[in-house]
Amino acid sequence: MSDEEINPYELLEVKVESTDQEIRTAYRQRSLKVHPDRNPNNPEAARKFHELNQAYELLLDPLRRLALDAKLRLKQARTERYKNYDLKRKTMVDELEERERALKKTKADQQKEETARFQETEKIKDQGRRLREEKSKELEKKEQEANKATKGEQETDAPTLQSTDTTLRVKYLLTEHPNLTTASSLASLFAPFGPTDVETIVVSLKSPKKSPHKPPKYGTALVPFKRIGDAFAAVCATGRPERGLRGIEVGWIGGTEPEILGWLRKKGHLGPSGSGLSNEPQVQWSEEKTLPPQTQTRASGSNEFSSFPSSLPDFRKPSDTPKVGEIDYESLTLMRLRQAERARLEREILEQEANEN
């Protein structure tokens with residue numbers, strides 16, 4: 001216990017003027033009475049013995065004893081003054097002390113309320129933060145689903161056909177096919193597969209660079225078909241003797257098949273990549289399936305040499321034939337475009353031959 005609650009002098013039953021020796025004697029006498037060993041059945045013996053030791057140590061310490069004496073003198077002086085107060089003054093002092101106690105209690109209550117309010121605010125902030133995170137995750141999930149749906153819709157749209165998607169690169173030995181030296185002969189060779197644009201077929205019979213004096217060994221040509229399905233059938237029949245393509249390599253001009261074929265294969269309208277020829281097409285359009293954009297029905301007379309569907313994209317729409325004696329601006333423009341395409345195809349085949357050599 002503290003010195004304010006217990007008076008050490010009263011505890012040891014000595015006076016303020018007592019000497020150290022008198023304090024020691026009083027301590028020995030009192031300690032023997034309250035020692036726990038002599039009072040085993042008294043639960044308060046240990047506490048009293050501890051308080052006695054605290055009082056004994058305090059009174060034997062000169063500095064602490066001086067401070068205690070000064071405090072006791074102030075307390076005694078206050079008590080004496082209070083005794084001399086009249087009733088009105090005593091009431092004022094009591095009211096002042098009561099106000100001080102009430103103020104302390106009010107401050108303590110306010111501090112508790114502020115602490116509770118702060119904890120409630122933090123709780124609300126945590127809930128708001130958690131709700132924002134959940135909302136953000138939900139929006140992100142919806143955005144991903146929307147992107148996935150948009151991507152799926154984009155995948156359902158057929159890619160645009162390019163001007164070279166129906167052009168094939170043909171390579172063959174002149175010793176085995178000496179007659180394939182003109183555009184008309186190549187058009188006749190590929191006629192069973194479908195119509196070709198004879199005017200823009202490019203044929204190259206070039207001698208090797210290392211032996212320019214020798215006759216050409218290989219023939220190379222660029223053959224534009226009018227329908228991509230016919231071109232696909234010719235590619236599938238490359239090297240097949242039963243289709244008249246023994247020793248003839250037929251491939252796409254860029255080395256890779258057009259995007260429309262991959263799109264059709266993904267949709268299940270086309271056989272696997274590199275599928276060979278068959279008497280019957282492996283996959284046909286069903287009545288329920290919607291045809292892709294830019295498709296037209298194949299001519300009834302064309303043969304089905306591959307797994308390409310019966311309805312094909314046809315990006316080459318033949319222009320209307322002008323009347324006899326009439327050369328309009330559209331016909332002139334079409335003729336110039338054909339000439340420009342022929343020149344471009346010639347440049348491409350020359351570049352490919354240069355790279356191979």
Side-chain angles (χ1 to χ4, degrees), residues 1-16 23 26-27 30-31 33-151:
M1 293 202 173
S2 62
D3 298 338
E4 295 180 356
E5 297 177 359
I6 299 176
N7 190 337
Y9 292 105
E10 295 177 357
L11 190 60
L12 292 175
E13 296 181 357
V14 295
K15 298 179 179 181
V16 179
I23 292 173
Y27 170 73
R30 295 285 298 169
S31 61
K33 293 179 181 180
V34 298
H35 199 282
D37 294 340
R38 291 193 175 189
N39 301 276
N41 298 326
N42 187 2
E44 298 291 331
R47 181 181 61 80
K48 291 180 179 181
F49 184 75
H50 176 70
E51 293 175 356
L52 196 63
N53 284 332
Q54 293 290 328
Y56 173 70
E57 292 176 359
L58 188 148
L59 294 178
L60 290 183
D61 188 341
L63 295 178
R64 295 176 65 189
R65 186 176 178 181
L66 287 174
L68 177 62
D69 292 344
K71 187 184 295 184
L72 291 175
R73 285 194 297 270
L74 288 174
K75 186 176 180 181
Q76 187 176 2
R78 191 183 306 115
T79 304
E80 293 295 333
R81 286 197 307 271
Y82 187 76
K83 289 180 179 179
N84 296 328
Y85 289 165
D86 53 11
L87 181 59
K88 185 177 180 180
R89 207 163 189 182
K90 289 180 181 180
T91 304
M92 292 177 61
V93 172
D94 293 340
E95 290 178 355
L96 181 61
E97 292 178 353
E98 183 65 25
R99 289 178 183 176
E100 291 179 353
R101 287 192 295 268
L103 181 60
K104 290 181 180 179
K105 184 179 179 182
T106 303
K107 288 183 178 179
D109 294 341
Q110 289 179 354
Q111 188 174 3
K112 288 182 180 179
E113 290 179 359
E114 290 177 358
T115 303
R117 193 181 301 110
F118 176 77
Q119 292 176 353
E120 185 67 21
T121 303
E122 291 297 320
K123 184 178 179 181
I124 294 174
K125 287 182 179 179
D126 292 338
Q127 292 178 353
R129 190 181 304 109
R130 185 163 55 252
L131 290 175
R132 286 196 301 271
E133 291 177 356
E134 293 176 357
K135 191 68 175 178
S136 178
K137 290 180 180 179
E138 185 178 354
L139 292 175
E140 185 178 356
K141 185 178 179 180
K142 289 182 179 180
E143 185 177 355
Q144 291 177 357
E145 292 177 355
N147 292 337
K148 189 181 296 183
T150 304
K151 185 177 180 181

Interatomic distance, CG@Leu96 vs OG1@Thr91, rounded to 0.5 Å, equals 12.5 Å

Practice item. Would you mind reporting whether Glu122 and Lys125 have side-chain heavy atoms less than 4.5 Å apart? Key: yes

Electrostatic pair Arg129-Asp126, nearest N-O below 4.0 angstrom | yes

Separation between NZ (Lys33) and CZ (Arg38), nearest 0.5 Å, reads 11.0 Å

inquiry  = Looking at Arg132, is its backbone amide N or carbonyl O close enough to the side chain of Ser136 to form a donor-acceptor pair, meaning the two atoms are under 3.5 Å apart?
reply    = no

Does any part of the side chain of Leu59, heavy atoms only, come nearer than 4.5 Å to the side chain of Tyr27, both counted from C-beta? no

To the nearest 0.5 Å, atom CG of Leu52 lies from atom NE2 of His35 at 10.5 Å

Item to complete: Would you indicate whether Arg101, at its atom CZ, is surrounded by more than 12 heavy atoms from other residues, nucleotides or ligands within a distance under 6.0 Å?
Response: yes

Open item on the list: Within a 6.0 Å radius of atom CD on Gln127, are there more than 12 heavy atoms belonging to other residues, nucleotides or ligands?
Closed with: yes

Here the gap from Leu58 atom CG to Leu12 atom CG, rounded to the nearest 0.5 Å, amounts to 10.0 Å

Q) Near Glu134 CD, under 6.0 Å, is it more than 12 heavy atoms from other residues, nucleotides or ligands? A) yes

Rounded to the nearest 0.5 Å, the CD atom of Gln144 sits from the NZ atom of Lys142 at a distance of 13.0 Å

Scanning both residues in full, the closest heavy-atom pair of Asn41 with Pro43 reads O-CD, 3.4 Å

Output for pair (Glu120 CD, Lys123 NZ), nearest 0.5 Å, gives 5.5 Å

Quick check: do Leu11 and Tyr56 have side-chain heavy atoms less than 4.5 Å from each other?
no

### Query
Could you walk me through whether Phe49 and Asn39 pass the side-chain contact (heavy atoms from CB on, under 4.5 Å) check?
CA-CA 11 Å; Phe49 184 75; Asn39 301 276; over 6 Å; no

Stepwise, does the side-chain contact (heavy atoms from CB on, under 4.5 Å) test hold for Ile23 with Arg65?
CA-CA 12 Å; Ile23 292 173; Arg65 186 176 178 181; 3.6 Å; yes

**OP:** Might you work through the side-chain contact (heavy atoms from CB on, under 4.5 Å) test for Lys141 and Glu138, ending with a clear yes or no?
**Re:** CA-CA 5 Å; Lys141 185 178 179 180; Glu138 185 178 354; 5.7 Å; no

Asn42 side chain to Pro36 main-chain N or O, any donor-acceptor pair under 3.5 Å? no

Residue pair Lys71 / Lys75, side-chain heavy-atom distance below 4.5 Å:
no

Carefully, step by step, assess Glu44 and Arg47 under the rule salt bridge (charged side-chain N to carboxylate O under 4.0 Å, His left out). CA-CA 5 Å; Glu44 298 291 331; Arg47 181 181 61 80; 2.6 Å; yes

Report task. Show your working on side-chain contact (heavy atoms from CB on, under 4.5 Å) between Arg117 and Glu114 and close with a plain yes or no. Result -> CA-CA 5 Å; Arg117 193 181 301 110; Glu114 290 177 358; 3.8 Å; yes

